[in-house]
Amino acid sequence: MKVFNTLTRKKEEFIPLKENEVSMYVCGPTVYNFFHIGNGRTFIVFDTVRRYLEYRGYKVTFIQNFTDIDDKMIKKANEEKITVKQLGDRFIEEYYKDADALNIERASTNPRATEFIEEIVNFVKDLIDKGYAYEVDGDVYFETKKFNNYGKLSGQNLEDLQAGARINIDERKKDPMDFAIWKKQKPGEPAWESPWGMGRPGWHIECSCMAHKLLGETIDIHAGGYDLIFPHHENEIAQSECRTGKAFSKYWMHSAFLNINNQKMSKSLNNFFTAREVLEEFEPDVVRLFMLSGHYRTQLNFSKELLESAKSGLERLYNAIGNLENLMEEVKKDKIMEKEKQYLKHLEGYKDKYIEKMDDDFNTADAIAVIYDMVRDINSNIDGKSSKELIKFSLDLIRELGKPLGILQKSIKQELDGEIEKLVEERQQARRNKNWALADKIRDDLKSRGIVLEDTSQGVRWKQIEQ
Ligand code: AMP
Ligand code: ZN
């Protein structure tokens with residue numbers, strides 16, 4: 001399996017530190033608002049990476065943090081006249097609602113920065129003791145020039161960066177590229193005790209600290225959106241590697257932006273749709289299929305037209321699932337026939353191709369194309385004359401290949417049954433209310449869909465008739 005490593009700018013063979021186990025840390029949201037569908041892309045991408053690693057047999061420990069203390073959190077809490085803690089609680093709850101709706105699997109742990117203050121303080125202390133950080137009147141800065149490899153992730157060198165940063169000289173820092181790892185409390189801000197007085201952690205330090213604490217000093221994969229390469233991940237590397245003397249992460253993965261009119265979707269540009277807004281119009285499967293239809297390292301443009309086209313693509317796939325589910329009920333032959341065995345082998349070939357594509361740096365775009373090819377093939381070769389065993393094999397295979405992508409798990413038959421049962425119950429209610437017109441209308445509507453109702457002593461039964 002190959003993974004593109006931002007650190008080496010190459011696709012590398014994926015060999016985790018421990019056989020069959022993967023430790024993975026993904027930078028999560030700042031919880032001051034609903035997340036937008038651009039953030040959603042990054043969450044979906046790394047959820048897919050995790051699911052696929054699991055599909056390939058790895059035991060994955062997946063950590064995604066919540067940044068619940070920073071300038072944006074403080075500003076928003078002040079505007080809303082609530083505490084930063086209340087704001088964080090609220091939007092963490094909202095995060096789960098949207099992430100669950102997008103079929104994003106829950107992380108092994110979602111640590112909150114404010115729950116790790118003691119560990120962060122110890123981390124900062126360590127860096128000062130080792131001579132990599134210094135205090136100035138209650139603030140603590142990391143001294144970038146003490147880390148020889150500063151810039152290695154983003155491929156920049158410190159001199160160039162320093163030259164660029166000279167415009168905003170901060171008298172307190174020894175060097176313009178030094179960054180705050182502990183911030184002195186300003187009036188009215190939430191703060192915690194520390195050897196440097198009341199204050200709070202800087203942003204970068206929380207991820208280094210929580211990754212160390214929850215996954216160890218060296219982890220397998222550290223990931224986030226492309227905008228996090230610099231300075232966030234560059235700074236995480238500097239702090240972590242200075243503290244431990246070890247490599248922080250073996251692989252660094254970054255997902256490209258979701259754009260809108262060729263501009264990065266972001267809160268600051270106010271060109272965003274929240275995940276929730278998008279989910280009001282499109283099903284989660286559609287959103288995921290759209291997101292994964294491009295490679296994760298390629299920018300993707302968000303548009304309703306592209307979502308509509310993902311929707312019709314998905315319909316084709318679910319039609320096939322619905323057909324196979326119906327065939328499962330109808331066909332009489334159970335055991336696979338000799339002449340079908342060849343075809344079953346042929347279908348397994350699609351799985352091999354899918355794995356080949358996904359093993360190549362999670363090429364979901366090509367893997368989805370393989371699913372389409374396979375479904376077309378199944379549609380034209382499986383029918384009422386096939387055996388149940390072959391039909392079931394095909395159905396299971398479509399679902400199996402959909403699972404790492406977080407799609408194609410629904411049962412069309414069950415959905416339809418649920419929908420009909422709901423209508424039957426509505427008709428019963430209408431009859432109890434003596435609303436005969438509505439009751440008749442529901443029965444006629446169902447009839448036009450080939451569903452007939454029978455009133456029996458045990459209640460109403462329905463059955464589908466051939467049309
Ligand atoms: P934030 O809450 O802004 O810190 O972002 C949470 C995650 O979403 C980070 O990994 C960001 O890199 C990522 N992200 C932000 N905007 C976009 C975008 N337009 N497309 C893809 N990922 C994004
Ligand atoms: Zn982070």
Side-chain angles (χ1 to χ4, degrees), residues 7 25 27 65 67-71 74 111-154 156-166 168-186 189-219 222 224 228-249 252:
L7 190 62
Y25 186 100
C27 293
N65 68 304
T67 297
D68 64 347
I69 177 76
D70 82 338
D71 292 343
I74 295 171
R112 294 173 69 152
T114 56
E115 288 168 352
F116 283 78
I117 301 291
E118 199 185 322
E119 286 86 352
I120 293 173
V121 166
N122 286 334
F123 202 125
V124 174
K125 249 196 250 168
D126 260 12
L127 289 172
I128 296 178
D129 291 348
K130 291 184 171 169
Y132 293 110
Y134 56 93
E135 186 217 340
V136 188
D137 183 28
D139 286 319
V140 181
Y141 295 100
F142 181 88
E143 195 169 356
T144 41
K145 73 168 187 303
K146 294 270 175 79
F147 180 55
N148 287 335
N149 288 320
Y150 194 80
K152 71 175 172 179
L153 182 70
S154 52
Q156 309 178 81
N157 71 47
L158 191 56
E159 285 83 57
D160 292 346
L161 286 167
Q162 283 165 332
R166 288 240 155 75
N168 299 318
I169 297 280
D170 180 344
E171 297 288 314
R172 302 155 67 85
K173 297 192 212 171
K174 291 188 189 171
D175 185 286
M177 286 314 293
D178 295 352
F179 56 90
I181 51 181
W182 187 262
K183 294 181 170 180
K184 182 182 176 171
Q185 179 184 28
K186 293 199 190 102
E189 285 186 353
W192 291 263
E193 274 177 30
S194 80
W196 320 285
M198 296 298 283
R200 62 182 163 97
W203 171 36
H204 316 299
I205 197 88
E206 72 176 82
C207 289
S208 288
C209 179
M210 294 188 285
H212 283 198
K213 197 76 200 159
L214 298 168
L215 295 171
E217 292 181 338
T218 304
I219 67 174
H222 196 121
L228 299 189
I229 297 176
F230 188 85
H232 186 53
H233 287 166
E234 197 73 76
N235 291 352
E236 281 194 42
I237 291 179
Q239 306 155 155
S240 303
E241 301 194 354
C242 285
R243 184 192 200 191
T244 65
K246 296 176 192 153
F248 180 26
S249 181
W252 287 85

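Atom set for the values below is all heavy atoms of this structure, side chains included, hydrogens, waters and symmetry mates excluded. Start at 1 with the first residue, then count along the sequence.
Minimum interatomic distance between Gly131 and Lys146 (heavy atoms only, all atoms of both residues): O-NZ, 2.8 Å. Nearest heavy-atom pair, Phe248 versus Ser208, reported as atom, atom and distance to 0.1 Å: CZ-CA, 4.1 Å. Residues His222 and Ile219 come closest through the heavy atom pair ND1-CD1, 3.9 Å. Residues Asp68 and Ala113 come closest through the heavy atom pair OD1-N, 3.3 Å. Heavy-atom minimum distance, Cys27 versus Glu236: SG-OE2, 3.7 Å. Considering every non-hydrogen atom in both Gly151 and Glu234, the closest pair reads N-OE2, 3.0 Å.
Between the Tyr25 side chain and the Ser249 main chain, no donor and acceptor come within less than 3.5 Å of each other. Proximity of a side-chain donor or acceptor of Ser154 to a complementary backbone N or O of Ile229 within less than 3.5 Å is not detected. Proximity of a side-chain donor or acceptor of Asp160 to a complementary backbone N or O of Asn157 within less than 3.5 Å is not detected.
Atom NZ of Lys130 sits in a crowded spot, with more than 12 heavy atoms from other residues, nucleotides or ligands closer than 6.0 Å.
Counting only residues at least two apart or on different chains, the salt bridge (charged side-chain N to carboxylate O under 4.0 Å, His left out) pairs with a member in residues 205-217 are Glu217-Lys246.
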Report the C-alpha separation of Asp175 and Glu143 in whole Å, then their side-chain angles, then the decisive distance to 0.1 Å, and conclude whether the side-chain contact (heavy atoms from CB on, under 4.5 Å) test is met.
CA-CA 7 Å; Asp175 185 286; Glu143 195 169 356; 5.9 Å; no
Stepwise, does the side-chain contact (heavy atoms from CB on, under 4.5 Å) test hold for Asn65 with Phe116?
CA-CA 11 Å; Asn65 68 304; Phe116 283 78; over 6 Å; no
Before giving the answer on side-chain contact (heavy atoms from CB on, under 4.5 Å), spell out for Glu135 and Trp182 the whole-Å C-alpha distance, their side-chain angles and the decisive distance to 0.1 Å.
CA-CA 9 Å; Glu135 186 217 340; Trp182 187 262; over 6 Å; no
Verify side-chain contact (heavy atoms from CB on, under 4.5 Å) between Tyr141 and Met177, making sure each step is shown before the conclusion.
CA-CA 10 Å; Tyr141 295 100; Met177 286 314 293; over 6 Å; no
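The OH atom of Tyr132 lies 13.0 Å from the CD atom of Gln239; values are rounded to the nearest 0.5 Å. In this structure, OG1 on Thr114 lies 7.5 Å from CD1 on Ile69, to the nearest 0.5 angstrom. Note that the CG atom of Asp178 and the NZ atom of Lys145 stand 7.0 Å from one another [nearest 0.5 Å]. Separation of atoms OG1 (Thr144) and CD (Gln162) is listed at 6.0 Å; rounding is to 0.5 Å. To the nearest 0.5 Å, the span separating CD on Glu241 from CG on Asn149 amounts to 7.0 Å. Rounding to the nearest 0.5 Å places CD of Glu193 at 5.5 Å from CE of Met198.
We find that Asp70 and Lys183 are not joined by a salt bridge, their nearest charged nitrogen and carboxylate oxygen being 4.0 Å or further apart.
Between Phe230 and Tyr150, the two ring planes are perpendicular [angle over 60°; tilted spans 30° to 60°]. Trp252 and His233 have tilted rings, their planes meeting at an angle from 30° to 60° on a 0 to 90° scale. Between Phe179 and His204, the ring-plane angle classifies as perpendicular under the 30° and 60° cut-offs.
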Going by atom type alone, with no hydrogens or angles, which donor-acceptor pairs under 3.5 Å involve a side-chain atom of residues 119-128 and a protein atom two or more places apart or on another chain?
{"unit_1": "Asn122", "atom_1": "ND2", "unit_2": "Glu118", "atom_2": "O", "d": "3.4"}
{"unit_1": "Asp126", "atom_1": "OD2", "unit_2": "Arg243", "atom_2": "NE", "d": "2.9"}
{"unit_1": "Asp126", "atom_1": "OD2", "unit_2": "Arg243", "atom_2": "NH2", "d": "3.3"}

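Under the side-chain contact (heavy atoms from CB on, under 4.5 Å) criterion, Glu115 pairs with Arg112, not counting sequence neighbours.
Using a 4.5 Å heavy-atom threshold, the side chains of His212 and Ser240 count as touching. Looking only at side-chain heavy atoms (C-beta outward), Asn148 and Leu158 stay at 4.5 Å or farther from each other.
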